[in-house]
Amino acid sequence: MKKQKLLTNKKDEKLDLAVQPLSELTTSTNGMLFKRRRLAIMFVIAFAVFTIIGFNLFKNSQRLLSLQDTKVEVVKENEKVMDNKEDLEHEVNLLHDSDYVAKIARSKYFYSKEGEQVYSIPELNSSNQTSGNK
């Protein structure tokens, strides 16, 4: 009898083993499918985030390059304006000098002092020199 119980136990175990793997297989398959889907969704989300970040980095780098080009142009223009400003300030300082103003008035507008005669010589007028002081 003990042998029969052992045999029946072995049969029952065999039946249980055959039934258990099938149920475990479906639950483990469902678990694996869930894990794979979750992993795929996480991958898609991560890919989307990295794509957006990469696009923004590229766009910002292009904007930075254009701003650097603009900065170079603005610095050059600023240097020209500063040189022009210095020249104009120098000219304003010279215009405060009455002798310089008189010299400019004689050369450009042919003003003369009392008893002075002005003769226009083309070569000398082009170089802004006065003609009456010779």
Side-chain angles (χ1 to χ4, degrees):
M1 256 176 124
K2 288 184 180 182
K3 285 186 179 182
Q4 286 180 346
K5 282 188 176 181
L6 288 176
L7 289 176
T8 56
N9 282 342
K10 286 184 181 179
K11 283 183 183 178
D12 289 339
E13 285 179 16
K14 285 182 182 178
L15 289 175
D16 285 340
L17 289 176
V19 172
Q20 276 183 342
L22 182 60
S23 65
E24 287 178 12
L25 182 64
T26 56
T27 57
S28 67
T29 304
N30 288 340
M32 290 293 283
L33 285 175
F34 177 74
K35 287 180 183 178
R36 285 185 183 171
R37 285 182 189 153
R38 185 174 59 185
L39 184 63
I41 290 171
M42 290 173 67
F43 177 74
V44 168
I45 291 171
F47 181 75
V49 167
F50 285 124
T51 302
I52 291 169
I53 290 172
F55 179 73
N56 284 335
L57 283 173
F58 177 74
K59 188 173 75 171
N60 287 337
S61 68
Q62 293 299 318
R63 184 169 178 241
L64 180 64
L65 289 174
S66 69
L67 287 175
Q68 286 175 343
D69 292 341
T70 306
K71 179 185 173 187
V72 168
E73 292 173 6
V74 168
V75 166
K76 287 180 183 178
E77 185 177 339
N78 187 29
E79 289 174 359
K80 289 179 184 177
V81 168
M82 293 305 288
D83 289 340
N84 190 19
K85 179 184 174 191
E86 289 174 5
D87 291 342
L88 290 174
E89 286 176 350
H90 180 68
E91 189 173 336
V92 166
N93 288 335
L94 288 176
L95 289 174
H96 290 303
D97 183 19
S98 60
D99 292 335
Y100 179 76
V101 172
K103 180 180 174 183
I104 294 293
R106 283 190 202 114
S107 66
K108 284 188 177 180
Y109 304 111
F110 302 112
Y111 285 113
S112 63
K113 293 181 181 178
E114 188 89 21
E116 186 177 54
Q117 292 183 353
V118 177
Y119 297 102
S120 176
I121 301 173
E123 297 109 24
L124 294 177
N125 281 341
S126 64
S127 64
N128 290 331
Q129 292 186 7
T130 60
S131 60
N133 291 337
K134 288 191 173 185

Verdict with reasoning, Q68 to L65, per side chain to side chain contact (heavy atoms under 4.5 Å, CB included): CA-CA 5 Å; Q68 286 175 343; L65 289 174; 3.8 Å; yes
Side chain to side chain contact (heavy atoms under 4.5 Å, CB included) partners for I53, two or more places apart: V49, L57
Partners passing side chain to side chain contact (heavy atoms under 4.5 Å, CB included) against D99 (at least two apart in sequence or in another chain): D97
Partner set under side chain to side chain contact (heavy atoms under 4.5 Å, CB included) for D87, not counting sequence neighbours: none
Side chain to side chain contact (heavy atoms under 4.5 Å, CB included) between M82 and N78, worked out: CA-CA 6 Å; M82 293 305 288; N78 187 29; 3.7 Å; yes
Side chains of N56 and K59 in contact at under 4.5 Å (non-hydrogen atoms): yes
Partners meeting side chain to side chain contact (heavy atoms under 4.5 Å, CB included) with V75 (sequence neighbours left out): K71, E79
Rounded distance [0.5 Å steps], CZ in F34 versus CG in L39: 11.5 Å
Heavy-atom pair with the smallest gap, counting every atom of L95 and V101: O-CG2, 3.2 Å
Passing option when H90 is tested against L94, L88, V92 for side-chain contact (heavy atoms from CB on, under 4.5 Å): L94
Nearest-0.5 Å distance, CZ of residue F43 to CD1 of residue I45: 12.0 Å
Enclosure of E77 CD (heavy-atom neighbours >12, cutoff 6.0 Å): no
